[in-house]
Protein chains: 2
Amino acid sequence: MGSKERILRLKEETRTSILDAALNIVQTEGWQALSMRKIADQIEYTAPIIYEYFPNKEGILLELTRRGYQILGKAIREARDDHEKPEDKMEAMWVAYWNFAFSHKEFYQLMYGVDMVCCTVKNSMQEAEQVSAMLGDVIESLFKNKPVTEDDICMKYYTYWSIIHGLISINLVRPNGRTTDELNQQILKDAIKGITLSINS
Amino acid sequence: MGSKERILRLKEETRTSILDAALNIVQTEGWQALSMRKIADQIEYTAPIIYEYFPNKEGILLELTRRGYQILGKAIREARDDHEKPEDKMEAMWVAYWNFAFSHKEFYQLMYGVDMVCCTVKNSMQEAEQVSAMLGDVIESLFKNKPVTEDDICMKYYTYWSIIHGLISINLVRPNGRTTDELNQQILKDAIKGITLSINS
DNA sequence: GTAAATAATCTAACACCGTTAAGCAAATGT
DNA sequence: ACATTTGCTTAACGGTGTTAGATTATTTAC
């Protein structure tokens, strides 16, 4: 039965083709246009077979969320490894986060923006925790006066995240506002530097 | 025809009863549970009559958004009038904003959180502009070196808003996180003071 | 090779959604 | 008393996520 592997590989292929189709629809028509039947259309099947690969629509969204965190994690990891000094690491990592939000707008909306309701599941997602762990580590290394408590790190982490997520939200929501890109980058970097400086003061 | 006024008043009553019903459903079951038929059930009518009072579902949401901005505007105005010094005004206003977000969670989600997609309509809402105008005015008064450009105000406005909206989002999304209320309030006030200080440096 | 068993896929349906059109019944105007 | 308008309902359309049953294709067993 050497064909068993081939069949398993085929199943894996259509599984990812479902995810690709979903992502494709979202990128061209937005989240609200994503429907099971439309996904089925695109992979040239009928809707019910999707339920052989995912428990329901939310299952697809969850898997896409995981994908998003993998991409984000890779970007942040690379930004971190591109620098030596913690201060530079930190700025580069948050800029990577910022860039991810705009180059993968749909992912970011899924991960942080779209429906504030659910989100209970995502708490226990390995990939998400990896991202916050990386950021937390660098934040810890920013403190000169050791030892550092968990709460210290947590507080600074939320401070960073808040201003960056806030800036991103506002810019995703109002892309045609009066703010220019340079202005935003300036706000972003100023804010990062400000928080970073405030850590040892 | 003295009854004409009475009839008009009745119509206005059911109009607000529609809004009240919608709000009630959202508060008890969340935004995703809001449907025209459920609203109709609650006001003891059938769904189609709602369309005599609102053009569509989004019309209801828009009116609720307006209501939200009225409440928020009142809170911010009062916070402003409770203090003399611009620095105190600013802090009180943003704390009012913060408190609004949590005491009127559903409104805040509607105004800033739920579906990042549309939002094109809300740009031209009088009530929303009043709020940002109030905040902008106080921000302007914080600058000691006049004259101030529109861009200066805009930038600081976005900086304030970003960090506060970011903090709120994160706390609305992850209410059971490791952050305590005091910690959040500390982050909030620290951030406000930080931005305020940075204005004249 | 043929028959039974299993897997893959589809059709049809359910219950819900937002929305619209047609119809009915009561109140109103003439 | 008749015609007209008003208030409201029922029924329907096209869409959604999801499930059950039938159908077809493939694999297995003899």
Side-chain angles (χ1 to χ4, degrees), chain A residues 1-19 21-26 28-65 110 114-115 117-121, chain B residues 1-19 21-26 28-65 110 114-115 117-118 121:
Chain A
M1 299 307 133
S3 63
K4 214 147 205 181
E5 295 161 9
R6 182 182 51 102
I7 283 173
L8 263 173
R9 204 174 52 236
L10 271 181
K11 279 207 114 188
E12 196 54 41
E13 252 173 49
T14 72
R15 206 187 115 95
T16 63
S17 88
I18 289 172
L19 293 171
L23 195 57
N24 187 39
I25 292 165
V26 168
T28 57
E29 303 179 58
W31 282 108
Q32 72 200 152
L34 181 66
S35 81
M36 300 300 259
R37 286 175 175 84
K38 229 176 243 176
I39 294 173
D41 261 24
Q42 194 144 332
I43 62 172
E44 290 178 304
Y45 278 112
T46 49
I49 61 111
I50 303 179
Y51 292 85
E52 307 235 328
Y53 299 89
F54 297 93
N56 48 39
K57 191 182 182 182
E58 207 187 330
I60 300 176
L61 264 41
L62 206 71
E63 194 54 44
L64 284 179
T65 306
L110 178 59
V114 174
D115 82 82
V117 189
C118 66
C119 280
T120 50
V121 193
Chain B
M1 297 304 135
S3 65
K4 214 150 203 180
E5 294 160 10
R6 182 183 50 103
I7 283 174
L8 263 173
R9 204 173 53 235
L10 272 181
K11 280 206 114 188
E12 196 55 42
E13 252 173 50
T14 73
R15 203 187 118 96
T16 64
S17 88
I18 289 172
L19 294 171
L23 196 57
N24 188 39
I25 292 165
V26 168
T28 57
E29 303 179 60
W31 281 108
Q32 70 199 153
L34 182 66
S35 80
M36 299 301 259
R37 286 175 174 86
K38 228 175 244 176
I39 296 173
D41 261 25
Q42 195 144 333
I43 62 172
E44 290 177 305
Y45 278 112
T46 51
I49 61 110
I50 303 180
Y51 293 85
E52 307 235 327
Y53 298 89
F54 297 93
N56 48 36
K57 191 181 181 182
E58 207 186 330
I60 300 177
L61 264 41
L62 205 71
E63 193 54 44
L64 284 179
T65 305
L110 178 60
V114 174
D115 84 82
V117 189
C118 65
V121 192

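Remember, predicted model here, so these are calculated numbers, not experimental data. Order of the sequence lines fixes the chain letters, A, B, ..., with proteins taken first and strands second; residue numbering starts at 1 for each chain.
- Remark: P of D/dG17 and CD1 of A/Ile50 are 9 Å apart, rounded to the nearest angstrom.
- Considering only heavy atoms from C-beta on, A/Val26 stays 4.5 Å or farther from A/Leu64 through its side chain.
- One can place CG of B/Leu61 at 10 Å from P of C/dG18, the figure rounded to the nearest angstrom.
- Residues B/Leu19 and B/Phe54 form a side-chain contact, since some pair of their non-hydrogen atoms from C-beta on lies under 4.5 Å apart.
- One can place CG of A/Asp41 at 11 Å from P of C/dC10, the figure rounded to the nearest angstrom.
- Of the candidate nucleotides D/dT9, C/dT19, C/dC10, D/dT9 has the atom lying nearest to any side-chain atom of B/Thr46.
- In plain terms, the two heavy atoms of A/Tyr51 and A/Asn56 that are nearest each other are CE2-CA, 3.9 Å.
- Computed from coordinates, the A/Tyr45 OH to C/dT9 P distance equals 4 Å when rounded to whole Å.
- Taking CG of A/Leu23 as the start and OG1 of A/Thr28 as the end, the distance is 9.5 Å to the nearest 0.5 Å.
- Taking atom CD1 of B/Ile39 as the reference point, atom C1' of C/dG18 lies 11 Å away to the nearest angstrom.
- In terms of heavy atoms, A/Arg15 sits closest to A/Tyr53 at NH1-O, 3.4 Å.
- Atom CD1 of A/Ile49 is separated from atom P of D/dA25 by 17 Å (rounded to the nearest Å).
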Polar pairs (N or O, both sides) under 3.5 Å between protein and nucleotides 12-16 of chain D?
{"unit_1": "D/dA12", "atom_1": "N6", "unit_2": "B/Arg37", "atom_2": "NH2", "d": "3.4"}
{"unit_1": "D/dT16", "atom_1": "OP1", "unit_2": "A/Ser35", "atom_2": "OG", "d": "3.2"}

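- Between the CD1 atom in A/Ile60 and the OG1 atom in A/Thr65 there is a gap of 11.5 Å [rounded to 0.5 Å].
- Closest to the side chain of B/Tyr53, from the set D/dT18, D/dC8, C/dT9, is D/dC8.
- Atom CZ of B/Phe54 and atom C1' of C/dG18 are 16 Å apart (whole Å).
- When the P atom of C/dT19 is taken as reference, atom CD of B/Glu52 falls 15 Å away, rounded to whole Å.
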Next item on the list: Between protein and nucleotides 20-25 of chain C, map the contacts as a letter string: B base, S sugar-phosphate only, - none, heavy atoms under 4.0 Å, written 5' to 3'.
Entry: B-----

Considering only distance and modelled atom types, tabulate donor-acceptor pairs under 3.5 Å from the side chains of residues 35-50 of chain B, sequence neighbours left out.
{"unit_1": "B/Ser35", "atom_1": "OG", "unit_2": "B/Lys38", "atom_2": "N", "d": "3.1"}
{"unit_1": "B/Lys38", "atom_1": "NZ", "unit_2": "B/Glu29", "atom_2": "OE1", "d": "3.3"}
{"unit_1": "B/Lys38", "atom_1": "NZ", "unit_2": "B/Ala33", "atom_2": "O", "d": "3.2"}

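- Rounding to the nearest 0.5 angstrom, the gap separating the CD1 atom in A/Ile25 from the CG atom in A/Leu34 is 5.5 Å.
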